[in-house]
Each structure stands twice: as C-alpha cells, then as structure tokens.
Number of protein chains: 2
Amino acid sequence: MTNSDDVGLERSSAQFSLSVLLQRKLEKLILDGELKPGDKLNELELSKRFGTSRGPIREAMQNLCARGLAEAVRNRGVFVRTITPVEAFELYDVRAALFGLAGRLLTDRIDDAILKKLYDYVEDMDRLAQAQQYSDYYRTNLEFHDYLVRSAGNKMLVREYHSFVDRLHLCRMRGLVNSGALTISNREHAEMIDAAASGNNQRAQETFFRHVARAKLRFRSSLEEAGLT
Amino acid sequence: MTNSDDVGLERSSAQFSLSVLLQRKLEKLILDGELKPGDKLNELELSKRFGTSRGPIREAMQNLCARGLAEAVRNRGVFVRTITPVEAFELYDVRAALFGLAGRLLTDRIDDAILKKLYDYVEDMDRLAQAQQYSDYYRTNLEFHDYLVRSAGNKMLVREYHSFVDRLHLCRMRGLVNSGALTISNREHAEMIDAAASGNNQRAQETFFRHVARAKLRFRSSLEEAGLT
DNA sequence: CCGTATTTGTCCGTATGTATG
DNA sequence: ACATACATACGGACAAATACG
C-alpha cells in the first residue's frame with residue numbers, strides 16, 4: 001500500500017518525526033482548502049492515506065487543535081475548525097495588534113536595504129493591481145506582510161503572527177478583491193513604510209494597526225453584502 | 001499501582017479526555033516550578049506516575065510543545081522549554097502588544113461596574129504594597145491584569161495573552177520585587193484605568209503597552225544586576 | 001570504535017462511546 | 001427504544017534510534 005501521499009520515502013532522511021510531517025501535511029490540506037471547516041479528520045482514513053499508523057496521526061491532530069486549526073470533540077473525533085464571524089473579528093483585532101508591534105519594532109531596525117526591498121514589493125503590487133492579476137497580487141501581498149513581520153526581528157512575533165493569519169485563512173472568502181480595493185490597500189502599504197522610516201515608533205505601530213483594522217472592516221462589509229450578518 | 005497522582009478516579013465523570021487531563025497536570029507541574037526549564041519529560045516515568053499508557057502522555061506533550069511550554073528533540077525526548085533572555089524580551093514585546101490591544105478594546109466597553117472593580121483592585125494592591133505582602137500583591141496583580149484582558153471582550157486575545165504570560169513564568173525570577181517598585185507599578189495601574197476611561201482608545205493602547213514595556217525594562221535590569229547579560 | 005542500556009517511534013488489539021437504521 | 005456498525009480512546013508490545021560506558 002504505497003500511494004502518492006505516502007510519507008515513507010521523504011522521511012528516509014529522518015530529520016523530522018512522523019507526527020511533525022503529518023502535522024504539516026494536514027495543515028497544508030486545511031490551508032489549501034482541501035479539508036474545509038467542519039470536515040472530519042478521520043483517523044483510520046488518514047492513516048491509510050498516508051501509510052502510517054494512527055498514533056502519529058492522533059499526535060498531529062492534537063497539535064493542530066492546540067494551534068486552533070482544528071478542534072476535538074471527545075469520543076466523536078477531530079474536525080477542521082469552524083470560524084464564526086465573531087471569532088474572525090477577534091482574530092483580526094489580535095492580528096492587528098501583532099502587526100502593529102511589527103511596525104513599532106521595525107522602526108528601530110529599518111535600514112536602506114530593507115527600505116528598498118519594501119518599496120520593490122509595493123511597486124510589484126502596483127503593477128499587479130493595474131494588470132488585475134489578483135492571484136499574483138494576493139501572493140505578493142502575503143509575502144510583503146511576511147517580510148515586514150520578519151524584518152521586525154522578533155521570532156516569537158513571527159510565529160504568532162502566522163498562527164493568526166493561518167486561522168484567518170479558514171474563513172477567507174475568495175473573490176472579495178477588486179482592482180480598486182487593491183490600489184487603496186497598496187497606498188496604505190506605502191504609508192506604512194513611510195511611518196516605519198519616520199523613526200516614530202508609536203506612529204508606525206498605529207499605522208500598521210490600522211491597516212489590518214481596515215482589512216477587518218472590508219471583511220465585515222463583505223460579510224454584510226453576502227447577507228451573513 | 002495506584003498512587004496519589006492517579007487520574008483514574010477524577011476521570012470517572014469522563015468529561016475530558018485523558019490526554020487533556022494530563023496536559024493540565026503537566027502544565028501545572030511546569031508552572032508551579034516542580035518541573036524546571038530543561039527538565040526532561042520522561043514518557044515511561046510519567047505514565048507510571050499517572051497510571052496511564054504512553055499514548056495520552058505523548059499527546060499531552062505534543063500539546064505543551066505546540067503552546068511553547070516544552071520542546072521536543074527527535075529521538076531524545078521532550079524537555080521543559082528553556083527561555084533565553086533574548087526570547088524573554090521577545091515575549092515581553094508580544095505580551096505588550098496583546099495587552100495594549102486589551103486597553104484599546106476595553107476603552108470601547110468600559111462602564112461603571114468595570115471601573116469600580118478596577119479601582120478596587122488598585123486599592124487592594126496599594127494596601128498590600130504598603131504592608132509589603134509581596135506574595136499577595138503578586139497574586140492580586142495577576143488577577144488585575146487578567147480581569148483587564150477579560151473585560152476587553154475578545155476570547156482569542158484572552159487565550160493568547162495567557163499563553164504568553166505562562167511562557168514568561170518559565171523565566172520569572174523570584175525576589176525581584178521591592179516595595180518601591182510595587183508602588184510605582186501600581187501608579188501605572190491607575191494611569192491605565194484613567195486612559196481606558198478617557199475614551200481615547202489609541203492613548204489607552206499606548207498606556208497599556210508601555211506598562212508591559214516597563215516591566216520588560218525592569219526584568220532586563222534585574223538580569224543585568226544578576227550579571228546575566 | 002563497539003556493545004549495551006535506555007528511550008523514543010511505531011503499530012495493533014481491545015473496550016467504550018456515539019450515530020444510525 | 002433497541003440493535004448494529006463504526007470511530008475513537010486507551011493500553012501494550014515490538015522495532016529503531018540514540019547516549020553512554
């Protein structure tokens with residue numbers, strides 16, 4: 001029983017434990033949308049699919065639960081986490097706070113090399129927005145924010161920020177982008193860079209915070225338009 | 001083999017899975033300092049101690065690892081997380097950001113009932129500081145901050161804030177309190193309440209943020225005094 | 001450098017609890 | 001309401017990797 005998902009071969013290097021590899025695979029399945037919120041994570045099915053026993057599967061699922069991507073119901077199983085609108089708003093607020101911290105910290109570390117890379121990102125996104133290449137814009141946008149957070153020089157923050165971005169992916173609605181919104185969003189990006197370059201760390205924090213706060217408002221609006229209030 | 005730590009009896013209600021109960025027990029052992037940073041979490045020893053098999057123990061340890069209280073080294077075992085000074089500073093910064101968010105959110109929700117309770121806390125702490133009852137002050141201080149965060153009305157924030165406070169407990173040095181510091185700290189508490197009551201949520205956020213930032217500075221100073229730079 | 005002791009990693013069997021007809 | 005089927009929770013045993021003498 002060796003199928004395409006089998007983890008045996010790539011594990012031959014034995015650098016990571018099986019449960020860690022499975023955890024990453026499951027995480028990918030969830031974030032890629034192959035497993036949707038509410039879907040059940042069946043131990044037996046997954047163990048057959050990945051060619052392992054159920055032990056490592058269970059450990060991987062525990063890990064996913066601890067990180068908020070899944071939730072366990074006793075004697076019933078583990079399910080992909082369902083994020084309610086209220087919880088999504090909460091996630092946005094925490095993400096805003098974390099991102100704001102990134103802005104505050106970045107202010108004390110920013111240099112010409114970082115600045116150039118940031119402006120390159122914004123330029124790229126401007127081009128992609130005008131070309132209406134939404135998918136590429138989306139990806140570059142994520143990279144830009146990721147680079148900002150990593151440049152803040154706080155590993156705990158990076159880890160935590162990603163945890164919240166991942167959870168927000170659980171309720172990300174596709175197709176709520178339009179060219180106008182992208183251009184506006186990108187103007188905010190330039191403002192953030194300027195704020196970080198100004199040396200005023202409190203201002204930078206607030207600017208970064210509000211960028212995510214606006215994303216929250218756009219998300220709320222899109223929910224209301226969809227009649228999901 | 002039934003000893004005092006056996007979880008069999010209290011599990012009769014069967015409301016929680018064994019791994020969850022074990023996770024809580026291990027967490028308590030770590031936070032109470034019975035298991036110190038760097039200590040090994042021996043599967044066999046723990047399974048005998050708690051009267052269970054290794055499966056649930058492993059799942060509980062996975063959970064602790066995911067929450068940053070322990071870390072696993074492949075083929076060597078799981079150890080209580082050791083927090084380096086640099087990591088502690090990082091934790092303080094993230095905690096500051098989360099606490100700042102609490103201040104910002106609280107500003108929009110504060111009412112007379114909350115306000116009264118907050119001032120009661122400060123009064124209690126003033127009394128305890130003057131009486132030099134450090135232990136009681138410490139406990140009340142934790143409760144005060146906990147109440148502030150819970151009053152912000154964001155469950156994700158509460159959960160995340162506690163996660164960071166717990167991790168900071170791993171490197172909390174005892175005996176770095178003195179009556180003067182407590183009085184100063186408590187003055188900051190009153191300032192935070194005033195800021196939240198002012199209705200200016202940005203100001204509140206900054207005030208809350210700086211309260212933790214100052215705690216970070218005090219922590220850094222105490223490390224330097226101890227020659228741990 | 002090798003053998004041994006120890007611990008982890010993995011797998012499977014059984015019992016218990018849950019959903020469904 | 002009862003019985004059946006199924007998934008999970010837990011325990012135990014074997015295999016593999018590592019540390020230490």
Side-chain angles (χ1 to χ4, degrees), chain A residues 1-3 5-26 29 35 38-66 69-82, chain B residues 1-3 5-26 29 35 38-66 69-82:
Chain A
M1 162 71 131
T2 299
N3 60 45
D5 277 327
D6 197 301
V7 290
L9 279 180
E10 61 199 277
R11 208 180 144 262
S12 55
S13 61
Q15 190 170 4
F16 298 105
S17 76
L18 193 49
S19 65
V20 168
L21 291 174
L22 288 171
Q23 170 219 312
R24 292 184 187 165
K25 279 204 172 269
L26 291 177
L29 286 178
L35 288 169
D39 280 1
K40 183 171 183 173
L41 297 173
N42 186 300
E43 290 181 9
L44 196 61
E45 179 195 325
L46 290 172
S47 65
K48 280 192 290 193
R49 173 170 180 178
F50 294 119
T52 72
S53 66
R54 285 168 40 220
I57 294 275
R58 286 179 61 86
E59 289 171 19
M61 295 196 303
Q62 280 284 330
N63 212 302
L64 292 178
C65 290
L69 289 175
E71 58 189 342
V73 182
R74 176 167 168 84
N75 289 326
R76 288 206 40 203
V78 174
F79 304 82
V80 179
R81 185 85 151 83
T82 300
Chain B
M1 166 67 132
T2 300
N3 61 44
D5 276 327
D6 198 302
V7 290
L9 278 179
E10 60 201 277
R11 208 180 143 262
S12 56
S13 61
Q15 187 169 6
F16 298 106
S17 76
L18 196 47
S19 64
V20 169
L21 292 174
L22 288 171
Q23 171 219 312
R24 292 183 187 166
K25 279 203 173 270
L26 291 177
L29 286 179
L35 288 169
D39 281 359
K40 183 170 185 174
L41 297 173
N42 187 298
E43 289 181 9
L44 198 61
E45 178 194 325
L46 290 172
S47 66
K48 280 191 289 191
R49 173 171 179 177
F50 294 119
T52 73
S53 67
R54 284 172 41 224
I57 294 275
R58 287 179 62 86
E59 288 171 19
M61 295 197 302
Q62 281 281 333
N63 213 303
L64 293 177
C65 289
L69 288 176
E71 58 189 341
V73 181
R74 174 163 168 90
N75 290 326
R76 288 206 43 202
V78 174
F79 303 82
V80 178
R81 186 85 152 80
T82 299

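Here is the naming used below: chain letters follow the sequence lines, and residue numbers restart at 1 for every chain. The figures here come from the full heavy-atom set of this structure, side chains too, leaving out hydrogens, waters and symmetry mates.
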Rounded distance (nearest 0.5 Å) linking atom SG of Cys65(B) with atom CD of Glu59(A): 10.0 Å

Spacing of Ile57(A) atom CD1 relative to dG9(C) atom P, expressed in whole Å: 16 Å

Base-pair map of DNA chain D as dot-bracket, where | denotes pairing with a different strand and pairs are Watson-Crick or G-U under 3.5 Å: .||||||||||||||||||||

Smallest separation among heavy atoms of Leu41(A) and Ala70(A), with atom names: CD1-CB, 4.3 Å

d(CG, Leu18(A); C1', dA16(D)) in whole Å: 13 Å

Glu43(B) CD to dT10(C) P, straight-line distance once rounded to whole Å: 11 Å

From dT10(C), dG13(C), dT8(C), nucleotide with atom closest to Ser53(A) side chain: dT10(C)

Gln23(B): which of Leu69(B), Ile57(B), Leu18(B), Asn63(B) passes side-chain contact (heavy atoms from CB on, under 4.5 Å): Asn63(B)

Glu45(B) CD - dA5(C) P separation (whole Å): 21 Å

Restricting both atoms to N or O, compile the protein contacts to nucleotides 18-21 of chain C shorter than 3.5 Å, with distance only.
| unit_1 | atom_1 | unit_2 | atom_2 | d |
| --- | --- | --- | --- | --- |
| dA19(C) | OP1 | Arg76(A) | NE | 2.9 |
| dA19(C) | OP1 | Arg76(A) | NH1 | 3.2 |

Atom-pair distance (NZ on Lys40(B); C1' on dT8(C)), nearest Å: 8 Å

Distance in Å, Leu22(B) CG paired with Arg49(B) CZ, rounded so as to fall on 0.5 Å steps: 11.0 Å

Rounded distance (nearest 0.5 Å) linking atom CD of Glu45(A) with atom CD of Glu43(A): 11.5 Å

Separation between CZ of Arg54(A) and CE of Met61(A), rounded to the nearest 0.5 Å: 9.0 Å

Atom pair distance, as rounded to whole Å: CZ in Phe50(A) and P in dT10(C): 15 Å

Distance (rounded to the nearest 0.5 Å) between Arg58(B) CZ and Ser53(B) OG: 11.0 Å

Rounded distance (nearest 0.5 Å) linking atom CG of Asn42(B) with atom NZ of Lys48(B): 8.0 Å

Touch class at under 4.0 angstrom, heavy-atom based, for Gly77(B) against every strand present: sugar-phosphate

Any N/O donor-acceptor pair, Arg54(A) side-chain to dA7(D) base, under 3.5 Å: no

Spacing between Phe16(B) atom CZ and dA9(D) atom C1', to the nearest angstrom: 16 Å

Distance in angstrom units between Leu44(A) CG and dA5(D) P, rounded: 17 Å

Candidate list Leu46(B), Leu21(B), Val78(B), test side-chain contact (heavy atoms from CB on, under 4.5 Å), partner Leu26(B), passing option: Leu46(B)

Residue Arg58(A), side-chain heavy atoms: nucleotide from dT8(D), dT8(C), dG11(D) that is nearest: dT8(D)

